[in-house]
Amino acid sequence: MTQPSDKALVPFVSVDNMMRLIHHVGVEDMMRDLADYIEADFKRWELFDKTPRVASHSDVGVIELMPTSDGEAYGFKYVNGHPKNTSEGLQTVTAFGLLADVYTGYPVLLTEMTILTALRTAATSAMVAKHLAPKGADTMAMIGNGAQSEFQTLAMKAIIGLKAVRLYDKDPAATEKCAQNLAGLGIDVTICKTPEEAIEGAQILTTCTADKQYATILTDNMVGSGVHINAIGGDCPGKTELAPGILNRSDVFVEYPPQTRVEGEIQQMPEDFAVTELWEVISGHKPGRTGDRQITLFDSVGFAIEDFSALRYIRDRIKGTDYFVDLDMLADPDDPRDLFGMVQRAKA
Ligand code: NAD
């Protein structure tokens, strides 16, 4: 009979262990590390298998699978998006993910990814802002103060040196929660009563709201020249945050056009609307910000390679720690062809 020591066990990082790991590494250091992993993978973008995520829509939300591979490892994330969930005491976004070895096909990591998604989304935003935001940008408007908002703010602090955040949410309780969570973390927090007030003096405008509709969080006249827009919340067909006029005045940067054209802000624009792929900027093939008056717009939807980078980071980071448990999730008989025999012997 197969002994436990022979079993192909899969490291599993639970929510509890993910939180322990974050406190061990430090939330800002972890987002810095994640940004480095994500940037490294954007630089080798061309060798990845890429496909728009596979989405299953319902009237109230979406459930998606996000796969990719670099030829050595294969990863996927399961993620949902249900804006109505918060009113029922549930998360809008939850996720888990898996990394596998391409050579054997065996999983090498299973992990919670609800928290990891917030970390990687924020790390990606800040990594992109490093390339696109105006030099010396130190103030951000944060519109939408839900689950992602503190992570977005702290990643900008850790990676580009953000000093101040101006918070607005249509629900003042969300803003109050965000302000309390950020208190004492080295960032100057201002609570604002309107989105117009939030964008005053901000060089980075982050929209991170959740509503399954063509929303207008920023109108065209709210956006002055020279700012960087970090548009996070519009990430699904029929779910956008920006007035189309803003897109016409901006240089738009995207992760993977075949996915962003369906899910991002640019779903409002003609199919041939000009965009720049971020990997080309990050690898130095194309310019990012070229002038003081330019409006740069990161039309973020979240792409599988960012999750792959996050999975790679967790796989590497948990080695030699106790921030995981081994899961017996692979049937792996000593004689590979004797799967039935293994089942029979388990009866004894
Ligand atoms: P959440 O539900 O926790 O928070 C959303 C907040 O937006 C809520 O506090 C809500 O009151 C506020 N809001 C809704 N409509 C608003 C409006 N018109 N004006 C101001 N505030 C408004 O959701 P979350 O987990 O923080 O996610 C926010 C959005 O980001 C979601 O749409 C989610 O799908 C998206 N998201 C994108 C990525 C990505 O990679 N691009 C990753 C994660 C989440």
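We count ligands from 1, going down the list as the structure has it; atoms in each ligand are counted the same way.
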Results of salt bridge (Lys or Arg N to Asp or Glu O under 4.0 Å) for Arg312 - residues two or more places apart only |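 Arg312 satisfies salt bridge (Lys or Arg N to Asp or Glu O under 4.0 Å) with Asp41 only.
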Do Phe303 and Trp45 have ring centroids that are under 6.0 Å from one another?
->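 Between Phe303 and Trp45, which both carry aromatic rings, the centre distance is below 6.0 Å.
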Give every pair made of an N or O atom of ligand 1 and a protein N or O atom lying under 3.5 Å apart, one pair per line with both atom names and the distance to 0.1 Å, or write 'none'.
{"residue": "ligand 1", "atom": "2 (O)", "partner": "Thr92", "partner atom": "OG1", "Å": "2.6"}
{"residue": "ligand 1", "atom": "3 (O)", "partner": "Ala147", "partner atom": "N", "Å": "2.9"}
{"residue": "ligand 1", "atom": "9 (O)", "partner": "Asp169", "partner atom": "OD1", "Å": "3.4"}
{"residue": "ligand 1", "atom": "9 (O)", "partner": "Asp169", "partner atom": "OD2", "Å": "2.6"}
{"residue": "ligand 1", "atom": "11 (O)", "partner": "Asp169", "partner atom": "OD1", "Å": "2.6"}
{"residue": "ligand 1", "atom": "21 (N)", "partner": "Lys170", "partner atom": "N", "Å": "3.2"}
{"residue": "ligand 1", "atom": "25 (O)", "partner": "Gln148", "partner atom": "NE2", "Å": "2.8"}
{"residue": "ligand 1", "atom": "26 (O)", "partner": "Ala147", "partner atom": "N", "Å": "3.1"}
{"residue": "ligand 1", "atom": "26 (O)", "partner": "Gln148", "partner atom": "N", "Å": "3.0"}
{"residue": "ligand 1", "atom": "32 (O)", "partner": "Thr209", "partner atom": "O", "Å": "2.9"}
{"residue": "ligand 1", "atom": "32 (O)", "partner": "Gly233", "partner atom": "O", "Å": "3.2"}
{"residue": "ligand 1", "atom": "32 (O)", "partner": "Lys239", "partner atom": "NZ", "Å": "2.7"}
{"residue": "ligand 1", "atom": "34 (O)", "partner": "Asp235", "partner atom": "OD1", "Å": "3.4"}
{"residue": "ligand 1", "atom": "34 (O)", "partner": "Asp235", "partner atom": "OD2", "Å": "2.8"}
{"residue": "ligand 1", "atom": "34 (O)", "partner": "Lys239", "partner atom": "NZ", "Å": "3.0"}
{"residue": "ligand 1", "atom": "36 (N)", "partner": "Asp235", "partner atom": "OD2", "Å": "3.4"}
{"residue": "ligand 1", "atom": "40 (O)", "partner": "Arg120", "partner atom": "NH1", "Å": "3.1"}
{"residue": "ligand 1", "atom": "40 (O)", "partner": "Gly302", "partner atom": "N", "Å": "3.4"}
{"residue": "ligand 1", "atom": "41 (N)", "partner": "Ile232", "partner atom": "O", "Å": "3.3"}
{"residue": "ligand 1", "atom": "41 (N)", "partner": "Ser300", "partner atom": "OG", "Å": "2.8"}

Electrostatic pair [X]-[Y], nearest N-O below 4.0 angstrom:
X	Y	answer
Lys77	Glu64	no
Asp16	Arg20	no
Asp338	Arg345	yes

Under a single-linkage definition using a 4.5 Å side-chain heavy-atom cutoff for Ile, Leu, Val, Met, Phe, Trp and Tyr, are Leu98 and Ile314 assigned to the same hydrophobic cluster?
->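 They do not share one cluster, since no chain of ILVMFWY contacts under 4.5 Å joins Leu98 to Ile314.
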